[in-house]
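Data first, discussion second: the structure below is written as structure tokens.
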Amino acid sequence: MILYHYIIEPFLDYGFMRRALTACAAIAIGSAPLGVFLVLRRMALVGDAISHAILPGASLAFLFFGLSLTAMSAGGLVAGLLIALIAGLLTRFTQLKEDASFTGTYLLSLATGVLIISVKGTSIDLMHVLFGNVLAIDNASLLLICGIATVSALILTAIYRTLIVECFDAGFLRAGTSIHLLFLVLVVLNLVAAFQALGTLMALGVMVLPAIAARFWTSNIDNTIAFAIVASFASSFTGLLLSYHYALPSGPAIVLTTGMLYIASVLFGRYGSIMTYLFPQRHFVN
């Protein structure tokens, strides 16, 4: 009965908990595989830049439509794609590398978004945009998140082999700009979906942290993706329960739970962890 009370009952008794868990499952399916490729391609900080870049669009949509998640998602999508395009053009036509161009554009967009909310909104509005509230997701927002996850999974399946090749040949996708841009669009879409639940500051956590943790447990890309999806969902499940039972903010609870998994992987993972450094396995040659 104790197990039922603490783990199962919250999701059976409350619709908002079921919607939150479903949204987290969709985000895990859509975002975690992209996080693996961001880590493999050393673009994790680029993902961070894009997650902050959606703030101005979401802020402007908030000014005109209020706390409409559909409008804020559309505004965030437009802003994220615009920032990605500008950063891409700077990388192509100037001496800046991709990480530098994304960093410069995201800092400006983040400051712009915070300024808009601060001048025209309240501190509560700013907290909502920056940190989100997965427990406030309604049916329309849930459908949008699930739709983004479905489209993302289908497109990623179609370009999967191409992205794997790029991980071993850094110049491969530079000849196929359309695939690279498509990958960035998928990242923006999934960050917009996660933004509804976790806000702009936390959205990248469920995308990248499970992928980083997975790298310490397996060296196979397929297994890494599977591990990242399961880890993202399990962390979200645990974070929601902690939020429910201890009155914690849901977004930070989810990301901190994912962070605990990341720390445990760094310490005790099978490949490249601190434990393997301190206690290396001996290999004997017959």
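Numbers here are sequence positions counted from 1.
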From CA spacing to verdict: side chain to side chain contact (heavy atoms under 4.5 Å, CB included), I83, I54: CA-CA 8 Å; I83 292 299; I54 67 178; over 6 Å; no
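- The shortest distance between side-chain heavy atoms of H52 and L204 does not fall below 4.5 Å.
- A heavy-atom distance below 4.5 Å is not found between the side chains of I86 and F102.
- Checked by atom type and distance alone, the side chain of T218 never pairs as donor or acceptor with a backbone atom of A214 at under 3.5 Å.
- The two residues Y6 and L241 come nearest to each other via the heavy atoms O-CD2, 3.3 Å.
- Considering every non-hydrogen atom in both P10 and H5, the closest pair reads CD-O, 3.5 Å.
- Separating the CG atom in L182 from the CG atom in L156 is a distance of 9.0 Å, to the nearest 0.5 Å.
- Between L184 and the choices I50, L34, I179, the side chain to side chain contact (heavy atoms under 4.5 Å, CB included) rule is met once, by I50.
- When atom types are taken as modelled, the side chain of S152 and the backbone of A149 share no donor-acceptor pair closer than 3.5 angstrom.
- Looking at I159 and L186, their side chains come closer than 4.5 Å, going by heavy atoms from C-beta outward.
- In the hydrophobic clustering of this structure, L261 does not group with M202; members are Ile, Leu, Val, Met, Phe, Trp, Tyr whose side-chain heavy atoms approach within less than 4.5 Å, directly or through other members.
- In terms of heavy atoms, A253 sits closest to G239 at CB-O, 3.6 Å.
- Minimum interatomic distance between T105 and A87 (heavy atoms only, all atoms of both residues): OG1-CB, 4.0 Å.
- Rounded to the nearest 0.5 Å, atoms CG (L77) and CG (L81) are 4.5 Å apart.
- In this structure, S73 OG and L191 CG are separated by 12.0 Å, a value rounded to the nearest 0.5 Å.
- Between F216 and F268, the distance from one ring center to the other does not fall under 6.0 angstrom.
- Across every non-hydrogen atom of A213 and Y262, the tightest pair is CB-CA, 4.1 Å.
- Contact check for I116 versus F62: no side-chain heavy atoms found under the 4.5 Å cut-off.
- With rounding to the nearest 0.5 Å, the separation of CD1 in I225 from CG in N220 is 9.0 Å.
- Tracing side-chain contacts under 4.5 Å through hydrophobic residues (I, L, V, M, F, W, Y), one never reaches L256 starting from V208; they form parts of separate clusters.
- Atoms CE and OG, from M260 and S265 in turn, are 11.5 Å apart once rounded to the nearest 0.5 Å.
- A continuous path of hydrophobic side-chain contacts links Y160 to M207 [ILVMFWY only; heavy atoms under 4.5 Å].
- Looking at I29 and F233, their side chains never come closer than 4.5 Å, going by heavy atoms from C-beta outward.
- Few gaps surround OH on Y271; more than 12 heavy atoms of other groups in view lie less than 6.0 Å from it.
- To the nearest 0.5 Å, the span separating CG on L38 from CZ on R42 amounts to 14.0 Å.
- Within 6.0 Å of atom OH in Y246, 12 or fewer heavy atoms from other residues, nucleotides or ligands are found, so the atom counts as exposed in its surroundings.
- Note: F37 and F183 have perpendicular aromatic rings, judged against thresholds of 30 and 60 degrees for the angle between ring planes.
- Without hydrogens or angle criteria, R19 side chain to I137 main chain gives a donor-acceptor distance under 3.5 Å.
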Please tabulate, for side-chain N and O atoms in residues 20-27, each donor-acceptor pair with protein atoms closer than 3.5 Å (sequence neighbours left out).
from, atom 1, to, atom 2, distance (Å)
T22, OG1, R18, O, 2.8

Intermediate values then yes/no, side chain to side chain contact (heavy atoms under 4.5 Å, CB included), S273 and V266: CA-CA 5 Å; S273 67; V266 171; 6.0 Å; no
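- Both I221 and F227 belong to a common hydrophobic cluster when Ile, Leu, Val, Met, Phe, Trp and Tyr are linked at side-chain heavy-atom distances under 4.5 angstrom.
- Ring-centre distance between F237 and F11: below the 6.0 Å cut-off.
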Stepwise side chain to side chain contact (heavy atoms under 4.5 Å, CB included) check, R215 with V39: CA-CA 9 Å; R215 295 294 296 161; V39 172; 4.3 Å; yes
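- When the options N190, T257, L198 are evaluated for a side chain to side chain contact (heavy atoms under 4.5 Å, CB included) with V206, the one that passes is L198.
- Contact annotation: the side chain of L55 never approaches that of S109 to less than 4.5 Å [non-hydrogen atoms, C-beta and beyond].
- Considering every non-hydrogen atom in both T276 and G269, the closest pair reads CG2-O, 3.5 Å.
- With a 4.5 Å cut-off on side-chain heavy atoms, L240 and L135 count as touching.
- Note: the hydrophobic cluster containing V46 also contains V185 (ILVMFWY, side chain heavy atoms under 4.5 Å, direct or indirect links).
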Side chain to side chain contact (heavy atoms under 4.5 Å, CB included) evaluation trace for M72 with F195: CA-CA 9 Å; M72 292 172 68; F195 149 76; 3.8 Å; yes
